[in-house]
Amino acid sequence: MDIYKFIKPAIFSTDPEKAHSIAISGIKLGLHPIDTEKSSNVLSQNIINLSFDNPIGMAAGFDKNGEVPNELLKMGFGFVEVGTVTPRPQEGNPKPRIFRLEEAEGMINRLGFNSKGAEKVKLKLKNRQRIGVLGVNIGANKDSDNMMEDYIYGLKTFYKIADYITINISSPNTPNLRKLQQKQNIRELLNLISAEKPINCNLPILLKISPDINQTELSDIIEAAIDSKIDGLIISNTTIDKSMVGKIKNSHQDGGLSGKPLFNLSTRLLAKAYTISEGKIPLIGVGGIANGYDAFLKIKAGASLIQLYTGLVFQGPHVAINIKKELSTLLKEQGFNSIKEIVGIESKNYK
Ligand SMILES: Cc1cc2nc3c(=O)[nH]c(=O)nc-3n(C[C@H](O)[C@H](O)[C@H](O)COP(=O)(O)O)c2cc1C
């Protein structure tokens with residue numbers, strides 16, 4: 001029985017950031033479901049040089065400081081992305097800075113990269129048991145003199161610890177960060193990163209992008225990513241477009257919108273990226289996934305892997321276990337034997 005239905009009202013009567021700290025503490029205490037079922041073979045795959053038990057990932061932002069990655073893996077996630085981690089510790093924006101949009105099953109956050117800093121997070125992750133795929137998402141300090149150097153610092157700090165690194169240039173809450181997505185800047189940054197990667201180092205590097213870009217910007221990013229041999233794109237971060245949430249409670253808050261209201265925007269961008277890149281670069285679909293059918297749609301739009309955060313808040317801690325079941329049932333019912341068979345098959349249906 002899913003007891004989340006009964007405890008959700010109490011959680012939702014608590015300030016969202018407090019509720020998040022309570023959730024992390026609860027997980028540390030072992031008060032979380034454990035996925036005891038081996039993933040069905042249809043869900044496992046080898047991609048970006050890594051072996052995934054299932055395609056459902058914990059998106060960045062939930063475990064910013066690397067406190068509970070193995071526990072999240074035990075909850076059924078096929079991979080976990082820790083971060084965003086900044087080189088130096090920083091507080092982030094003043095509170096309150098996370099808001100629930102209950103009617104829309106969305107959230108707005110303007111955390112602004114609150115981080116304990118790279119050294120502390122490295123210490124947390126250094127001796128962890130490797131029981132599944134761990135990504136580290138790196139970013140820049142708000143008061144950085146040179147944001148590009150911050151990414152090099154993050155890469156150097158985590159390249160031996162992480163199974164993959166995500167370059168996050170798409171948070172809307174750090175002034176000027178999204179400018180790194182512009183044509184010249186992205187090329188410069190990716191060249192610096194490629195140059196910094198030790199020779200023969202196969203560490204996959206992913207780039208996380210914003211849903212608030214136009215088709216030309218998307219094409220430029222894809223071209224730069226392919227040229228500099230980036231291993232994949234994560235599509236997408238939160239949006240600053242609030243037009244889809246009208247005037248419901250909290251919709252006026254500044255920050256990035258996530259959850260169900262982001263699903264269409266992020267899926268459309270994902271499908272466009274698949275079409276433009278002709279499937280040449282692996283894509284990770286994020287934005288508004290709450291169940292197996294949402295995951296199925298993202299994969300058919302072009303995602304080889306998916307991630308979620310807001311779905312965990314609204315659906316509860318069984319979300320990964322449930323999506324695994326629902327997704328493998330959908331695949332089998334429709335006669336598919338692997339995820340690869342459906343990646344991008346509906347990408348052309350999105351305008
Ligand atoms: C409270 C909160 C904090 C987040 N922090 C980060 C972050 O630090 N770095 C990042 O790349 N994305 C961050 N995200 C974005 C998520 O990783 C994800 O891209 C976005 O929320 C869309 O997925 P969802 O609709 O499943 O939540 C955050 C999202 C939320 C809701």
Side-chain angles (χ1 to χ4, degrees), residues 15-21 23-24 56-66 72 77 79-86 90 92-93 95-101 104-116 121 135-142 151 154 165-174 177-178 180-181 206-212 233-241 244-245 250 253 255-267 269-270 283-291 294-295 298 303 305-315 319-320 323:
D15 163 74
E17 195 163 349
K18 251 197 203 118
H20 175 258
S21 318
I24 296 274
I56 305 138
M58 179 75 242
F62 182 79
D63 189 8
K64 285 191 184 257
N65 296 304
L72 291 165
F77 286 100
F79 63 112
V80 171
E81 190 167 310
V82 157
T84 295
V85 186
T86 55
Q90 64 178 29
N93 290 323
K95 295 176 186 175
R97 50 193 186 172
I98 307 181
F99 306 88
R100 297 186 197 94
L101 283 69
E105 295 197 20
M107 295 210 286
I108 291 177
N109 91 83
R110 51 169 180 273
L111 288 163
F113 286 171
N114 49 320
S115 172
K116 291 192 175 161
V121 179
V136 177
N137 174 310
I138 57 174
N141 279 110
K142 184 182 175 186
Y151 290 93
I165 296 278
T166 298
I167 310 288
N168 176 17
I169 47 170
S170 49
S171 165
N173 302 312
T174 295
L177 192 86
R178 285 183 163 192
L180 292 173
Q181 296 182 122
L206 308 179
L207 188 66
K208 184 164 178 180
I209 66 173
S210 152
D212 306 319
L233 296 178
I234 302 186
I235 302 173
S236 72
N237 214 312
T238 55
T239 176
I240 54 170
D241 181 1
M244 57 291 236
V245 283
N250 286 328
Q253 292 290 348
L257 173 65
S258 61
K260 283 202 174 163
L262 174 62
F263 186 85
N264 288 342
L265 180 67
S266 57
T267 309
L269 193 75
L270 170 73
L283 305 175
I284 291 94
V286 202
I289 297 170
N291 55 47
D294 294 338
K298 283 274 186 203
L305 298 165
I306 56 143
Q307 292 179 321
L308 62 92
Y309 180 163
T310 309
L312 174 67
V313 174
F314 283 90
Q315 308 302 321
V319 68
I323 294 181

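Side chains included, hydrogens not; waters and symmetry mates left out as well; all remaining heavy atoms used. Just so you know, ligand 1 is whichever comes first in the structure, and atom 1 is the first atom listed for that ligand.
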For this session: Decide yes or no on side chain to side chain donor-acceptor pair (under 3.5 Å) for Thr267 and Lys298, but give the supporting numbers first.
Result: CA-CA 6 Å; Thr267 309; Lys298 283 274 186 203; 3.0 Å; yes

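Side-chain contact, Asn173 with Asn93: no donor N or O sits under 3.5 Å from an acceptor N or O. Side chains of Thr166 and Asn137: no donor on one and acceptor on the other come within 3.5 Å.
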Give a table of atom pairs where an N or O of ligand 1 lies under 3.5 Å from a protein N or O.
residue, atom, partner, partner atom, Å
ligand 1, 5 (N), Lys64, NZ, 3.3
ligand 1, 8 (O), Lys64, NZ, 2.8
ligand 1, 8 (O), Thr84, N, 3.1
ligand 1, 8 (O), Thr84, OG1, 3.3
ligand 1, 9 (N), Thr84, OG1, 2.7
ligand 1, 9 (N), Asn168, ND2, 3.4
ligand 1, 11 (O), Asn137, ND2, 3.0
ligand 1, 11 (O), Asn168, ND2, 3.0
ligand 1, 11 (O), Lys208, NZ, 3.0
ligand 1, 12 (N), Lys208, NZ, 3.0
ligand 1, 14 (N), Ala60, O, 3.4
ligand 1, 17 (O), Ala60, O, 2.7
ligand 1, 17 (O), Lys208, NZ, 2.8
ligand 1, 19 (O), Lys208, NZ, 3.0
ligand 1, 19 (O), Ser236, O, 3.0
ligand 1, 25 (O), Gly259, N, 2.8
ligand 1, 25 (O), Gly288, N, 2.8
ligand 1, 26 (O), Tyr309, N, 3.0
ligand 1, 27 (O), Thr310, N, 2.9
ligand 1, 27 (O), Thr310, OG1, 2.6

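Classified by interplanar angle (parallel below 30°, tilted 30° to 60°, perpendicular above 60°), the ring pair His20/Tyr309 is tilted.
Not counting sequence neighbours, Phe263 has no partner by the ring pair (Phe, Tyr, Trp, His ring centres under 6.0 Å) test.
Salt bridge status for Asp15 with Lys95: absent, with no side-chain N to carboxylate O gap under 4.0 Å.
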